[in-house]
Participant: 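Take a look at this one; I'll ask things after.
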Amino acid sequence: MSLRDILIYPDERLRKVARPVDSFEPALAELVEDMFQTMYEQRGIGLAATQIDEHRRLFVADVSEDRSGAQAFVNPEILALEGAIESEEGCLSIPEINETITRAERIRVRAQDAAGKTFEREIDGLLAICFQHELDHLDGRLFIDYLSPLKQQRIRKKMEKAARRERV
Ligand code: GNR
Ligand code: NI
């Protein structure tokens with residue numbers, strides 16, 4: 001099991017579209033373990049494979065208070081969306097930026113677990129928001145893409161400046 005580095009915006013690799021997972025070999029279970037370890041270490045509620053430069057369609061999540069709700073979603077799909085809800089979003093790949101984003105309030109999803117078993121379920125609350133945020137990562141989308149061009153420009157400048165400071 002190992003901690004993995006998280007890609008930071010504006011890294012272009014965050015824009016890659018992930019490919020479906022077609023084999024549930026031991027290496028996949030290892031990747032899922034690395035993702036949980038990295039998500040917990042970084043205190044995130046979710047982590048998409050894209051964020052650790054693995055361009056395969058899976059993400060992990062834990063929206064519980066006591067970090068006891070580990071869930072893996074492989075080849076996730078949204079079958080239906082309902083309602084709209086605003087919430088403050090953040091992203092481990094865009095540190096220190098928090099913005100209000102509107103998402104569907106309830107979704108019906110289909111995915112496979114880490115062993116390859118397909119399931120369907122209805123999701124609402126924080127997990128529904130997280131699911132949409134993570135699925136966006138797998139398609140190369142970031143939550144800031146929903147903001148005005150002006151706000152996006154400001155965030156890009158701020159992140160580029162922070163990256164320059166890191167290098168000196
Ligand atoms: O840790 C995270 N918190 C969060 C808060 C509101 C909406 C989405 C998220 S996901 C984020 C972790 C992350 O970047 N996942 O891709
Ligand atoms: Ni994110």
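Quick caveat, the model's predicted, so the values are computed rather than measured. Just so you know, ligand 1 is whichever comes first in the structure, and atom 1 is the first atom listed for that ligand.
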Participant: Considering non-hydrogen atoms of the protein only, which is the closest contact for atom 3 (N) of ligand 1, and what is the distance?
Facilitator: Ile45 CG1, 3.4 Å
Participant: Could you tell me whether the side chain of Ser23 reaches within less than 4.5 Å of the side chain of Leu28, counting heavy atoms only?
Facilitator: no
Participant: Is the closest heavy atom of Glu88 to ligand 1 under 4.0 Å?
Facilitator: yes
Participant: Could you tell me whether Arg57 and Asp139 have a side-chain N and a carboxylate O separated by less than 4.0 Å?
Facilitator: yes
Participant: Under 3.5 Å between any N/O of Arg43 and any N/O of ligand 1: does that happen in this structure?
Facilitator: no
Participant: Nearest to atom 9 (C) of ligand 1, what protein heavy atom do you find, and at what distance?
Facilitator: Gly90 O, 3.5 Å
Participant: Among protein heavy atoms, which lies nearest atom 7 (C) of ligand 1, and at what distance?
Facilitator: Glu89 CG, 3.4 Å
Participant: With atoms numbered from 1 as shown, which atoms in ligand 1 lie under 4.0 angstrom from a non-hydrogen atom of His137?
Facilitator: 16 (O)
Participant: Kindly report the NE2-the Ni ion (ligand 2)-NE2 angle for His133 and His137 respectively, rounded to 10°.
Facilitator: 100°
Participant: Any N or O on Glu134 sitting closer than 3.5 Å to an N or O of ligand 1?
Facilitator: yes
Participant: Side chain or backbone, does Leu92 bring an N or O within less than 3.5 Å of an N or O on ligand 1?
Facilitator: yes
Participant: Could you tell me the residue and atom name of the protein heavy atom closest to atom 12 (C) of ligand 1, and the distance to it rounded to 0.1 Å?
Facilitator: Gly46 O, 3.2 Å
Participant: Tell me whether ligand 1 is touched by Cys130 - counting only heavy atoms on the residue side and a distance under 4.0 Å.
Facilitator: no
Participant: Could you tell me the residue and atom name of the protein heavy atom closest to atom 8 (C) of ligand 1, and the distance to it rounded to 0.1 Å?
Facilitator: His133 ND1, 3.5 Å
Participant: Is the CD atom of Glu65 crowded by more than 12 outside heavy atoms at less than 6.0 Å?
Facilitator: no
